[in-house]
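These notes concern the structure reproduced below.
The analysis underlying the following values was restricted to heavy atoms, covering all of them including side chains, and did not include hydrogens, waters or symmetry mates. Being a predicted model, the structure only gives us computed values, none of them experimental.
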Amino acid sequence: MLTPVAANASREPTPGPAVDNPIDADGLGGLSTETVQYGSHKRQSMDVWWTPDGQQRPGVFLIHGGWWSSGDKRYMREIVRGYAELGYTVFNLNYRLSGDAAWPAQRTDALAAISTARKHADKWAFDPANYVLVGFSAGGHIAASVGTYGDGISGLKGVVGLSPIISPLRAYSDGEKAIEPNKRKLRTAAIKLAGGCAPKGKCSRVWASMEVAWHASRKDAPMLTIHSEDEFVPPVQSQLLKQMLGQVGVPVTVFTQPGANHSSPLYRQPGVAERVQQWIAARIG
C-alpha cells in the first residue's frame, strides 16, 4: 500500500526553470535541465538532465551518499554531467534524510522519483522501460534496496553501488567494538536510520526491512558493486548479496579496488568510472 508521501509523489511535479538553449552560460551545450518536486517535502526533489531531440533515451538515476543523514544532489553535478553527455537522461535525486524520517522513507522516495520520471517520460526524452540506478555509500544502500524491492521494478535493468552499505546489521555489529571512527559512525548512522533503536524487539522488523540481501527474488535487477579492499564498508557486505541473489538466478558482480577510498573518491580512481559505464552500457545501451 502506498504511504501518503508516495501517493503525493505521484502527483504532477512542480517544475523549476528549464534550460533549453543550445549554448548557455553554464556550458550545457545541447542539454536541458529542470528541477522538479516529486513529493511535498523540500528534500523530495530531483534534477533532470536530458537531450531534447525527440528520442527516448535510457535513464540513469543517481543517489548521493552521506550516512543517510547528510549530503545533497548538488555534490553529484560532475557525475551527472558525465552521464548526460554520454546520451542518457539523468535523474539526480535528493531524498528525505534520517533526521527527516526513518526507514523506509528513503526507499519510498526513490520509488516515488522513479514513478514521477516514468509519468513524464515523454517530456524528458526518457525510455521508462530502460533505466539503471547508481548509488554511493548510503545512496548505494537505497539503490540496492529498490533493486530487491518486491519481485522486480518495471523497467529497472540494473543497480550499481559504489561502497554500498548492503547490510546495516553487519555495519551495526562491526561498529560495536571497532577502533576505526568511520565504522563506529556508521553503526550510529544505521541506528538513526532505523528510528533510533537497536535491532531487537519491536525494532527487528525495520532492521529486517533495511537488509538488502534478505529480500532477494528472481525478478530483481542485476547488480554491480564496487568496494575498496580496505575501506570501512568492506567487500564482504556485497558478498552476501551475491550469494542470496545468485540463489534465485540474479547475477551480482562484486569488484574490489586496492586502497581505502570510499564512495565518490573510489569512483574517481583510475578505471572505476569506465568499468561502471561499460556495465551500464551493456544493460541499457
Notebook entry, point to check: Does the side chain of W67 reach to within under 4.5 Å of the side chain of L186, using non-hydrogen atoms?
Noted result: yes
Item checked: T33 side chain vs W49 backbone, donor-acceptor pair below 3.5 Å -> no
Residues 274-285 side chain polar contacts: donor-acceptor under 3.5 Å, at least two apart:
| from | atom 1 | to | atom 2 | distance (Å) |
| --- | --- | --- | --- | --- |
| E274 | OE1 | G271 | N | 3.3 |
| R283 | NH1 | W279 | O | 3.1 |

Notebook entry, point to check: Got a sec, which residues hit salt bridge (charged side-chain N to carboxylate O under 4.0 Å, His left out) with D122, two or more places apart in sequence or on another chain?
Noted result: none
Next item on the list: Determine, step by step, whether L31 and E85 satisfy the side chain to side chain contact (heavy atoms under 4.5 Å, CB included) criterion, reporting the C-alpha distance in whole Å, the side-chain angles of both residues, the deciding distance to 0.1 Å, and the verdict.
Entry: CA-CA 8 Å; L31 296 170; E85 290 178 346; 4.3 Å; yes
Notebook entry, point to check: With sequence neighbours left out, which residue pairs that include part of residues 93-113 fulfil the ring-ring contact (aromatic ring centres under 6.0 Å, His included) condition?
Noted result: H64-Y95, W103-H141
Notebook entry, point to check: Hey, what else clusters with M244 if you join Ile, Leu, Val, Met, Phe, Trp, Tyr whenever side-chain heavy atoms sit under 4.5 Å?
Noted result: L240
Margin query: Show every disulfide (SG to SG under 2.5 Å) that has at least one partner inside residues 51-119, sequence neighbours left out.
Written below: none
Margin query: Return the CE to OG distance between M210 and S145, rounded to the nearest 0.5 Å.
Written below: 8.5 Å
Notebook entry, point to check: Going by heavy atoms in the side chains, are Q56 and N130 under 4.5 Å from each other?
Noted result: no
Margin query: Could you tell me if the side chain of R107 sits less than 4.5 Å from the side chain of S209, heavy atoms only?
Written below: yes
Notebook entry, point to check: Do V60 and V134 come within less than 4.5 Å of each other through their side chains, counting heavy atoms only?
Noted result: yes
Margin query: Taking L62 as the starting point, is it possible to reach Y75 by hopping between hydrophobic residues whose side chains are less than 4.5 Å apart?
Written below: no
Next item on the list: Could you check if a side-chain atom of Y149 sits within less than 4.5 angstrom of a side-chain atom of L111, using non-hydrogen atoms only?
Entry: yes
Item checked: 4.5 Å side-chain heavy-atom contact, I114 and K119 -> no
Notebook entry, point to check: What distance do D151 atom CG and R218 atom CZ have between them, rounded to the nearest 0.5 Å?
Noted result: 6.0 Å
Item checked: Distance-minimising heavy-atom pair for P52 and S32 -> CG-OG, 3.4 Å
Checklist line | Check: F91 ring centre within less than 6.0 Å of F126 ring centre | finding: yes
Next item on the list: Count the heavy atoms of every other residue, nucleotide or ligand shown that sit under 6.0 Å from CZ of F255, and state whether that count exceeds 12.
Entry: yes
Next item on the list: In sequence, state the C-alpha distance, the side-chain angles, and the governing distance for V48 and T89, and then conclude on side chain to side chain contact (heavy atoms under 4.5 Å, CB included).
Entry: CA-CA 7 Å; V48 188; T89 293; 4.3 Å; yes
Check: Sequence neighbours excluded, which residues qualify as side chain to side chain donor-acceptor pair (under 3.5 Å) partners of E229?
Finding: none
Check: Could you walk me through whether L93 and D109 pass the side chain to side chain contact (heavy atoms under 4.5 Å, CB included) check?
Finding: CA-CA 9 Å; L93 276 58; D109 286 358; over 6 Å; no
Next item on the list: Using the test salt bridge (charged side-chain N to carboxylate O under 4.0 Å, His left out), find all partners of D174 that sit at least two apart in sequence or belong to another chain.
Entry: R170
Margin query: Using a strict threshold of under 4.0 Å (side-chain N to carboxylate O), is an ion pair present between D127 and R57?
Written below: no
Item checked: Co-membership, hydrophobic cluster, residues I166 and V248, 4.5 Å side-chain -> yes
Only pairs under 3.5 Å count here: list side-chain donor-acceptor contacts from residues 219-228, not counting sequence neighbours, and write none if there are none.
| from | atom 1 | to | atom 2 | distance (Å) |
| --- | --- | --- | --- | --- |
| D220 | OD1 | S217 | OG | 2.9 |
| D220 | OD2 | S217 | N | 2.7 |
| D220 | OD2 | S217 | OG | 3.4 |
| T225 | OG1 | S238 | OG | 2.9 |
| H227 | ND1 | V233 | O | 2.9 |
| H227 | NE2 | S238 | OG | 2.7 |
| S228 | OG | N261 | N | 3.3 |
| S228 | OG | N261 | O | 2.5 |

For residues 154-162, tabulate all N or O donor-acceptor pairs below 3.5 Å that involve a side-chain atom, not counting sequence neighbours.
| from | atom 1 | to | atom 2 | distance (Å) |
| --- | --- | --- | --- | --- |
| S154 | OG | R118 | NH2 | 3.4 |
| K157 | NZ | A129 | O | 3.1 |

Note to self: With ring-ring contact (aromatic ring centres under 6.0 Å, His included) as the rule and sequence neighbours excluded, what pairs involving residues 164-210 come up?
What the structure shows: Y172-W207
Item checked: Main-chain N/O of A112 paired with T116 side-chain donor or acceptor, under 3.5 Å -> yes
Next item on the list: Indicate the atoms forming the closest heavy-atom contact of H215 with E211, along with that distance.
Entry: CD2-O, 2.7 Å
Notebook entry, point to check: Where is the tightest heavy-atom contact between A198 and C203, given as atom of each residue plus distance?
Noted result: O-CB, 3.1 Å
Check: Quick check: does any side chain N or O of R184 sit under 3.5 Å from a backbone N or O of I179, one acting as donor and the other as acceptor?
Finding: yes
Checklist line | Distance, nearest 0.5 Å, that separates CZ of R43 from CD of Q37 | finding: 10.5 Å
Check: For the side chain of N94 and the backbone of S45, is there at least one donor-acceptor N/O pair under 3.5 Å apart?
Finding: no
Next item on the list: Applying side chain to side chain donor-acceptor pair (under 3.5 Å), run through Q237 and S167 and close with a yes or a no.
Entry: CA-CA 6 Å; Q237 286 254 353; S167 175; 4.9 Å; no
Next item on the list: Compare every heavy atom of L266 with every heavy atom of E231, then report the nearest pair and how far apart it is.
Entry: OE2-CD2, 4.1 Å
Next item on the list: Please check if the side chain of Q269 supplies one atom and the backbone of A273 the other of a donor-acceptor pair under 3.5 Å.
Entry: no
Note to self: Tell me which pairs pass side-chain hydrogen bond (donor to acceptor under 3.5 Å, both in side chains) where either residue lies in residues 249-258, with sequence neighbours left out.
What the structure shows: none
Item checked: Pairs meeting criterion ring-ring contact (aromatic ring centres under 6.0 Å, His included) with involvement of residues 256-275, two or more places apart -> F136-Y267, F232-H262
Item checked: Non-hydrogen atoms of V146 and A110 that approach each other most closely -> CG2-CB, 3.8 Å
Next item on the list: Report yes or no: does T148 contribute a side-chain atom to a donor-acceptor pair with the main-chain N or O of V212 at less than 3.5 Å?
Entry: yes
Margin query: Please check: side-chain N/O of S137 versus main-chain N/O of G65, any donor-acceptor pairing under 3.5 Å?
Written below: no
Margin query: Under a 3.5 Å cutoff, is there a donor and acceptor pairing between the side chains of E34 and W50?
Written below: no
Next item on the list: Measure the shortest side-chain to side-chain distance between T108 and R96 over non-hydrogen atoms and say whether it is less than 4.5 angstrom.
Entry: yes
Check: Backbone N or O of I142 within a donor-acceptor pair of the Q106 side chain at under 3.5 Å?
Finding: no
Check: To the nearest 0.5 Å, what is the distance between NZ (K192) and NZ (K185)?
Finding: 10.5 Å
Next item on the list: Take W214 and L169 through the test side chain to side chain contact (heavy atoms under 4.5 Å, CB included) and record every step on the way to the result.
Entry: CA-CA 11 Å; W214 291 6; L169 276 172; 3.4 Å; yes
